[in-house]
2 protein chains.
Amino acid sequence: MALEHILLGILRKPASGYEVKAHFDRVFRHFWAAELSQIYRTLRRLEDEGLLASRAEASAKGPSKRVYQATARGRQRLRHWLTVPEVGDERLTYVSQVYFLAELRDAATTRRFMRALHDHFAARLAELEAIEQGWRQDPRYPDALPDEDFHPQLTLALGLRKLAASVAWADETLARLAARDPDQEADRGDAA
Amino acid sequence: MALEHILLGILRKPASGYEVKAHFDRVFRHFWAAELSQIYRTLRRLEDEGLLASRAEASAKGPSKRVYQATARGRQRLRHWLTVPEVGDERLTYVSQVYFLAELRDAATTRRFMRALHDHFAARLAELEAIEQGWRQDPRYPDALPDEDFHPQLTLALGLRKLAASVAWADETLARLAARDPDQEADRGDAA
DNA sequence: GGGGTCATGTAATGAGTTACATGATTTT
DNA sequence: AAAATCATGTAACTCATTACATGACCCC
């Protein structure tokens, strides 16, 4: 169960459920997603199990909030989870789609599909490159960073490599499709 | 809902639930996983919805089986699903682990973690390369393949690229970790 | 007769999403 | 006065896993 451990990781520093959700949307989004409703439920369960502690706290704006933080046992649990990598099966819907794409028997739609995939990967790659640009302001980037920043940087490096691979694959695939179907009508928006 | 559509894709040709499961374990495993119990349930639901039809059939060995096949509406549903790529959020547990790995404050365990990741990616890459070796026997490989094989080959090509990227990242990361922690005790099994 | 594989399912549980409900405070 | 943001939650549902239950047929 990854969500539970990610929460323990985030809550090494105190935060409310709402703030945790913002954290997900900002950084974890790139490799994990979570809805508020589930965050709240998991937070409470973790507190029941003694892995988190909470206190009510006034908010700068809006209603008062419940601020959670990992307990000693919570941090111990986190460290234990970090000892052996969890690489369960990925579930990539779009790969299944590509697998069956011949069923369309329609070169134009196939091409549109692949172009949409390409653009999606390229946009995500651009996002990560922008994040990297920000990090580069730090003269210690990347190998003189302190551990707390170095490890997150590793996840960025992996994302950059994998997305670059995906973009390259999509480019190559579009070229291969064009070679297989020479009399394509281009459909680049600028009409036939 | 990808499982439902993958089932419709597989069942362009008739097969029993058990045979579908074998298909998953052989080819879909690389980008989608499914348990037998869920396959059976989904199969029945799809039949209730008129997207699959089934008939009982004697088996060569073992008890009689229920053989499913996509109906015209089922194939129509499949084709519709193929028109726009579904790229939901990935959930990669190990990336979250890498993100928090500094929490261990233990260079040896961190190194072991990264080496295990490396070996996992390398093993999966080797699997895909073996599959590719088999395909290469076909003189039409890769660009003269008929559409039904060309599209599956595209998924193989993507897997190869992404796994190569992951292996390269793990290699680089191990080197960077070594550079950060010069007096490591190597722990390669051959003692200190 | 025991183990493997073929074959189909049910029940309980867990993980995650979507929809709904409520309300304060701040900005426009 | 309305919209955005801050803030917490419940309920219903869907998707998936794990454990269990059953039984035929084949080979050793």
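Everything numeric in this text was worked out from a predicted model, so none of it was measured.
No salt bridge links A:Glu49 with A:Arg73; every basic N to acidic carboxylate O contact stays at or beyond 4.0 Å. The residues B:Arg29 and B:Glu127 are annotated as salt-bridged, a charged nitrogen and a carboxylate oxygen being separated by less than 4.0 angstrom. Between B:Asp106 and A:Arg79, no side-chain nitrogen of the basic residue sits less than 4.0 Å from a carboxylate oxygen of the acidic one, so the salt-bridge criterion is not met.
In this pair, A:Phe100 and B:Trp81 present their aromatic rings tilted. The plane angle is within the 30 to 60° band. Between A:Phe31 and A:Phe28, the ring planes are perpendicular. Angles over 60° get that label, and only those under 30° would be called parallel.
What separates CZ of B:Arg45 from C1' of C:dG9 is a distance of 17 Å, to the nearest Å. Atom NE2 in B:His23 sits about 18 Å away from atom C1' in C:dC6, given to the nearest Å. Between the CD atom of A:Glu57 and the P atom of D:dC6 there is a distance of 16 Å, given to the nearest Å. Separating the NZ atom of A:Lys21 from the P atom of C:dT18 is a distance of 11 Å, rounded to the nearest angstrom. Going from atom CE of A:Met1 over to atom P of C:dT13 covers 15 Å, rounded to whole Å. In this structure, the CG atom of B:Leu43 is 14 Å from the P atom of D:dA16, given to the nearest Å. A:Ile39 places its CD1 atom 15 Å from the P atom of D:dT10, with the value rounded to the nearest Å. Between the CZ atom of B:Arg55 and the P atom of C:dA7 there is a distance of 14 Å, rounded to whole Å.
Within the structure, a side-chain polar atom (N or O) of A:Tyr40 is placed less than 4.0 Å from OP1 or OP2 of D:dT8. Listed pair B:Arg44 / C:dT8 fails the phosphate criterion, with no side-chain N or O lying under 4.0 Å from OP1 or OP2.
Here the side chain of A:Leu36 is nearest to one of D:dT8, D:dA7, D:dG9, namely D:dT8. Distances were taken from every side-chain heavy atom of B:Gln38 (C-beta onward) to each of C:dT17, C:dA7, D:dA16; the shortest belongs to D:dA16. Across D:dA7, D:dC15, C:dG9, the shortest atom-to-atom separation from the side chain of A:Lys65 is found for D:dA7. Taking only side-chain atoms of B:Tyr68, from C-beta outward, the nucleotide of D:dC6, C:dG9, D:dT17 with the closest atom is C:dG9. Comparing C:dG9, D:dT8, C:dT5 by their nearest atom to the side chain of A:Tyr18 picks out D:dT8. Comparing C:dC6, D:dC15, D:dA16 by their closest approach to the side chain of B:Pro63 singles out C:dC6. Of the candidate nucleotides D:dT18, D:dG9, C:dT17, C:dT17 has the atom nearest to the side chain of A:Glu35.
When each of B:Arg66 and A:Ala2 is assigned the nucleotide of DNA chain C bearing its nearest heavy atom, the one mapping closer to the 5' terminus is B:Arg66.
Between the base of D:dT17 and the side chain of B:Arg41 there is a donor-acceptor pair shorter than 3.5 Å. A donor N or O paired with an acceptor N or O is not found under 3.5 Å between the base of D:dT8 and the side-chain atoms of A:Ser37.
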